[in-house]
Amino acid sequence: MTTFNAYDNEFMSRAIRLAKKSLYTTHPNPRVGCVITKDNVIVGEGWHKKAGEGHAEVNALIQAGKQAQGATAYVTLEPCCHTGKTPPCTDSLIKAGISRVVAAMQDPHDKVAGKGFKILEEAGIEVEVGLLEEQAQALNPGFVKRMQQNRPFVRMKMAMSVDGRTAMASGESKWITSESARHDVQHWRAQSSAMLTGIGTILYDNPSLTVRLEEAAIDNFIIQQPLCVILDSRLQLPTNAKVIQNLDEILVFTCSNDEQKIEALEDVGVKVVQVEKSENGLDLKQILSHLAEIEINEVMIESGATLAGSFVASGLVDELILYMAPVLMGDQARALFHLPLIQEMGQKIQLNIKEMRQIGEDIRIIATLS
């Protein structure tokens, strides 16, 4: 087992912080940071800023220049060894004369998956793997999930009152939570590859589902609006909905064969994909598989109780973000999830709380589901 020293931990921690700079901009590529050191002094650092542009290792090598000869490279993900939009990073590291590579984790991409390490070792470079691996994996939950399970990482956002209600019986829901909580949501939207909702939410609320951040320009890269995904089994989406007016990319999943409705939506720029129908609606697993095929890493669901309940009941929610407002809305208001199959205490779904913190007047809970 490799033993890492204090310097190793310090420099890998720095590489992870650098990778976080690209939280909103690398889709569909992973977020990666790199630090190059010589005699335990940083001589170069970089991160992957945007798909199609230089990878973290290349950016760090440019900064290091000739000092890369005989240096150590700390990288949060195994260096790539295949040619995509850019050349292999393994070639760049070898050519620069790097003598040691410390990687936080192996790349789960089948074109890499240990091959990058092997190429480096065959070139005489010392390779060590596994330093701060858990933190590195947390940088790219969607990329890892897509590579390993052929589906995106699914994050569900819900806002509720203390008594677990999301809207009045009439459907009125603006606003349960504070402005601070609503601003916090924008950061989660911004790091998502896609926003997913059901047609009920569109018809009731007519939301924009856009990312609205004042700090939208990060390192000269403008945050790209996530793909808007709508589940609409009967193709009820109005052609004048706000999402159509405000977003360039909208994908509708349906089981309808109504050619007239399909043509009307396609005429306003909506892409319609037909999927199978399941007992409780559209086939959610098939939908997620399709999103993985088009390189969607992270999906954020903002929906009503029915669709939210379907995702939870299907075991397809990886992370739940709950904003709880200090208000009571009464038992006639709408519930958080529609889960009719839960009728006994033994059927309850356990949450594993990862984090709780106050956001403005509200409490934000981040949890996983057992």
Side-chain angles (χ1 to χ4, degrees), residues 27-28 141-158 166 189 192-205 207 209 226-238 241 243-244 247 249-266 269-321 335-343 347 349 368-370:
H27 166 81
F143 180 78
V144 172
K145 177 76 71 170
R146 180 163 67 86
M147 292 299 109
Q148 293 180 342
Q149 298 183 30
N150 192 38
R151 75 167 180 86
F153 182 90
V154 176
R155 181 179 289 119
M156 179 176 287
K157 186 278 293 185
M158 305 290 282
T166 64
R189 285 184 177 183
S192 303
S193 309
M195 292 287 304
L196 186 150
T197 193
I199 187 59
T201 297
I202 299 294
L203 296 178
Y204 274 114
D205 298 335
L209 293 179
L227 170 69
C228 177
V229 178
I230 301 170
L231 276 53
D232 183 5
S233 58
R234 293 183 288 168
L235 289 180
Q236 297 174 279
L237 177 63
V243 289
I244 294 176
L247 296 171
E249 290 188 281
I250 300 170
L251 178 59
V252 169
F253 287 100
T254 188
C255 56
S256 172
N257 294 312
D258 191 319
E259 294 295 334
Q260 186 174 353
K261 289 182 178 180
I262 292 172
E263 184 178 349
L265 289 172
E266 290 180 340
V270 175
K271 183 175 180 181
V272 179
V273 176
Q274 292 171 309
V275 294
E276 299 295 326
K277 190 173 183 180
S278 67
E279 282 185 30
N280 300 314
L282 299 177
D283 188 325
L284 301 182
K285 290 183 178 179
Q286 187 180 353
I287 288 169
L288 293 180
S289 293
H290 181 90
L291 293 177
E293 288 173 9
I294 60 173
E295 298 187 306
I296 297 298
N297 287 335
E298 297 178 30
V299 173
M300 182 162 167
I301 299 174
E302 294 190 26
S303 72
T306 300
L307 184 57
S310 294
F311 266 96
V312 168
S314 299
L316 297 173
V317 177
D318 297 300
E319 187 172 75
L320 182 63
I321 302 177
L336 191 65
F337 296 104
H338 179 63
L339 292 165
L341 295 180
I342 297 180
Q343 298 179 3
Q347 297 172 311
I349 297 171
T368 57
L369 287 72
S370 296

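The chain is numbered in sequence order, starting from 1.
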Just wondering, do [Y] and [X] contact through their side chains at under 4.5 Å, heavy atoms?
X	Y	answer
C255	L282	yes
V229	V299	no
S278	L284	no
L251	L291	yes
L237	T254	no
I296	P28	no
L203	P238	yes

(request) Could you tell me which residues satisfy salt bridge (Lys or Arg N to Asp or Glu O under 4.0 Å) with D318, sequence neighbours excluded, listed by chain and number? (result)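 Applying salt bridge (Lys or Arg N to Asp or Glu O under 4.0 Å) to D318 gives K145, R151.
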Can any side-chain N or O of [X] pair as donor or acceptor with the backbone N or O of [Y] at less than 3.5 Å?
X	Y	value
T197	E302	yes
S193	N297	yes
Q286	E276	yes

Roughly how far, to the nearest 0.5 Å, is the [atom2] atom of [Y] from the [atom1] atom of [X]?
X	Y	atom1	atom2	value
S192	H27	OG	NE2	10.5 Å
L227	L209	CG	CG	11.0 Å
M300	K157	CE	NZ	6.0 Å
L196	I287	CG	CD1	7.0 Å
K271	E266	NZ	CD	9.5 Å
R234	K261	CZ	NZ	8.0 Å

Quick one: closest heavy-atom pair of [X] and [Y], and the distance?
X	Y	answer
V243	I250	O-CD1, 3.2 Å
D258	S256	N-OG, 3.1 Å
L341	Q347	O-OE1, 3.3 Å
L339	A313	CD2-CB, 4.1 Å
T166	A335	OG1-O, 3.4 Å
L336	A308	O-CB, 4.4 Å

(message) Could you work out, with ring pair (Phe, Tyr, Trp, His ring centres under 6.0 Å) as the rule, every residue matching F311, not counting sequence neighbours?
(response)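 By the ring pair (Phe, Tyr, Trp, His ring centres under 6.0 Å) rule, F311 matches no residue at all.
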(message) My understanding is that only residues two or more places apart in sequence, or in another chain, count here; which of them pass ring pair (Phe, Tyr, Trp, His ring centres under 6.0 Å) with H290?
(response)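 By the ring pair (Phe, Tyr, Trp, His ring centres under 6.0 Å) rule, H290 matches F253.
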